[in-house]
Amino acid sequence: MKRAEDIEIIPIKVEDDGKIPNHPDFPLLIYKSVFEEGDDIPAILNSNGWSGEWLGSVHPFHHYHSNTHEVLAVKEGHATLQLGGEQGEVVEAEKGDVIILPAGYGHKKIEASDDYANYGAYPSGVMNIAFHLSRPCRLLSHGVH
């Protein structure tokens, strides 16, 4: 893992658009190129208070978690994500990047390389969390993302 002083941090703040609330106080944070080849990403996430990890991808539609923060750590490949809902930022997530999504922040995968995979985890391993879809807005149980 890179040293903290060598990591670029990009904050993104997007207002509530009426469908995706985003967080009223906390910005979304993107940490560029945190992980290096050979890093044990789940172990590093766990040692920093993130657990309940899963390996998968981001849904190809806007959604958000109303009751917990989430971390996404890119294990392989790259993806174009829209963060913060329809009015949000379009960003490139690449191998080694970490995205901290405060509760309420929308996220959607626009496209990804065939090998794209990210770990997701939650503070203190919050399991069986709920997420909301932006179309229609209804509560569903969490599954692989």
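Here the structure is a predicted model, which means the values were calculated and not measured.
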Task: 4.5 Å side-chain heavy-atom contact, I7 and K32 - done: no

Task: Pair E53-Y119, side-chain donor/acceptor within less than 3.5 Å - done: no

Task: Between CD1 on residue I12 and CD on residue E89, distance to nearest 0.5 Å - done: 5.0 Å

Open item on the list: Just to verify, which of N118, N48, I100 counts as forming a side-chain contact (heavy atoms from CB on, under 4.5 Å) with V71?
Closed with: I100

Task: Over 12 foreign heavy atoms within 6.0 Å of CD, E37 - done: no

- [ ] State whether the side chain of D16 and the backbone N or O of G18 hold a donor-acceptor pair below 3.5 Å, judged by distance alone.
- [x] yes

Open item on the list: Is the shortest side-chain heavy-atom distance between L29 and I10 below 4.5 Å?
Closed with: no

- [ ] Could you label the plane-to-plane angle of the F61 and H59 rings as parallel, tilted or perpendicular, counting under 30° as parallel and over 60° as perpendicular?
- [x] parallel

Open item on the list: Looking only at side-chain N and O atoms, does E94 offer a donor or acceptor that is under 3.5 Å from a partner on H78?
Closed with: no

Task: Flag, side chain of D17 to backbone of P21, donor-acceptor distance under 3.5 Å - done: no

Open item on the list: With a 3.5 Å distance limit and no angle check, can you tell me whether K13 reaches the backbone of P24 through a side-chain donor-acceptor pair?
Closed with: yes

Task: For G77 against V74, the heavy-atom pair lying closest together - done: O-CG1, 3.8 Å

Open item on the list: Could you measure the distance from the OH atom of Y31 to the CG atom of D97? Nearest 0.5 Å is fine.
Closed with: 12.5 Å

Open item on the list: What verdict does the side chain to side chain contact (heavy atoms under 4.5 Å, CB included) test give for L81 and V58, after you've listed the backbone C-alpha separation in whole Å, the side-chain angles of each residue and the deciding distance to 0.1 Å?
Closed with: CA-CA 8 Å; L81 305 176; V58 175; 4.3 Å; yes

TODO: Compare all side-chain heavy atoms of V14 with those of I20 and state whether any distance is below 4.5 angstrom.
DONE: no

Open item on the list: Quick check: do L101 and L72 have side-chain heavy atoms less than 4.5 Å from each other?
Closed with: yes

- [ ] Answer yes or no: is there a side-chain heavy-atom contact under 4.5 Å between V34 and M1?
- [x] yes

Open item on the list: I'd like to know whether the aromatic ring centres of H107 and H62 sit less than 6.0 Å apart in this structure.
Closed with: no

- [ ] Assess whether side chain to side chain contact (heavy atoms under 4.5 Å, CB included) is satisfied between S33 and K2, documenting all intermediate values.
- [x] CA-CA 8 Å; S33 302; K2 285 188 176 178; 3.5 Å; yes

TODO: Please list, chain by chain and in numerical order, all residues satisfying side chain to side chain donor-acceptor pair (under 3.5 Å) with E36, sequence neighbours excluded.
DONE: none

Open item on the list: Does any part of the side chain of T80, heavy atoms only, come nearer than 4.5 Å to the side chain of V91, both counted from C-beta?
Closed with: no

Task: Those residues that, when tested against P102, pass side-chain contact (heavy atoms from CB on, under 4.5 Å) (two or more places apart) - done: H23, F26, L28, H69, Y105

- [ ] To the nearest 0.5 angstrom, please state how far the OH atom of Y122 sits from the NE2 atom of H65.
- [x] 4.5 Å

Task: Pairs flagged by salt bridge (Lys or Arg N to Asp or Glu O under 4.0 Å) wherever residues 110-121 is involved - sequence neighbours left out - done: none

